[in-house]
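One-based numbering along the sequence shown.
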Amino acid sequence: MLWNKLFLKDGGFVYRLLPVLISLSMVAVLVVVSAGFFRAFGQRDAVSQLTREYLLIMETEGYLSQARQEAFVSSLEETGLEQISLEGTTCLPAEYGSRIALCVSGILPQTILGQTTAAWELPVTVRLYSTAKQ
């Protein structure tokens, strides 16, 4: 008889509200985590856009000069890119019609809500090619 009273009893207000509260907190966690991922992809797009802009400059000049290279690296650092490497980039003057390359690699460090315990690194590699039009 006691068994029937305990388990056949109608659930109270808390038991009806508990699934809703758990669902809302799971949605909040997913929103915070996805915002971190979207931020990372936004940073990667900014690096790609910046690389494209400098490739257009390289097309007219024929190469990436030392002054432009320093400006490019500082612009990449402003987007958050670390451990920047320009290996494979055309750094010597090229003739008209020659193939030029702009290669960028680095790491975008990411955190969720600024917590270093929830951190990861997003490797970024962008390789763009064109022809010199100087």
- [ ] With side-chain contact (heavy atoms from CB on, under 4.5 Å) as the test, would you mind laying out the steps for V124 and L81 before giving the verdict?
- [x] CA-CA 8 Å; V124 175; L81 194 65; 4.2 Å; yes
- [ ] Apply side-chain contact (heavy atoms from CB on, under 4.5 Å) to the pair M58 and S130, showing each step before the final yes or no.
- [x] CA-CA 9 Å; M58 285 178 64; S130 187; over 6 Å; no
TODO: Would you check, one step at a time, whether the test side-chain contact (heavy atoms from CB on, under 4.5 Å) holds for I100 with Y129?
DONE: CA-CA 6 Å; I100 56 173; Y129 302 96; over 6 Å; no
Task: Residues I57, F72; criterion side-chain contact (heavy atoms from CB on, under 4.5 Å); working and verdict - done: CA-CA 11 Å; I57 293 170; F72 182 47; over 6 Å; no
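Atom-to-atom distance recorded for T79:OG1 and L50:CG is 6.5 Å, nearest 0.5 angstrom. Rounding to the nearest 0.5 Å gives a distance of 11.5 Å between CG of L92 and OG of S65. Atoms CD and CD1, on E121 and I107 in that order, are 4.5 Å from each other to the nearest 0.5 Å. L108 CG to R39 CZ: the interatomic distance, rounded to the nearest 0.5 Å, is 8.5 Å. How far CG of L76 is from CD of Q43: 12.0 Å, rounded to the nearest 0.5 Å. Residue E70 holds its CD atom at 8.5 Å from OG of S74, rounded to the nearest 0.5 Å.
When all heavy atoms are compared, the tightest approach of L102 to T51 is CD2-O, 3.3 Å. For T125 against S105, the heavy-atom pair with the smallest separation is OG1-CB, 3.9 Å.
No side-chain donor-acceptor contact under 3.5 Å links E77 to the backbone of E82. Checked by atom type and distance alone, the side chain of T90 pairs as donor or acceptor with a backbone atom of A101 at under 3.5 Å. The backbone N or O of A94 sits nowhere less than 3.5 Å from a side-chain atom of S98 that would complete a donor-acceptor pair.
Linking ILVMFWY side-chain heavy atoms closer than 4.5 Å, directly or via other members, places V73 and Y63 in two distinct hydrophobic clusters. The cluster map of Ile, Leu, Val, Met, Phe, Trp and Tyr, joined by side-chain heavy atoms under 4.5 Å apart, puts Y54 and V47 in the same cluster.
Contact of the Q69 side chain with the C91 side chain is registered, since non-hydrogen atoms from C-beta on lie closer than 4.5 Å.
In this structure, a donor-acceptor pair under 3.5 Å is absent between the side chains of S48 and R52.
Within a 6.0 Å sphere centred on CG of L24, heavy atoms belonging to other residues, nucleotides or ligands number more than 12.
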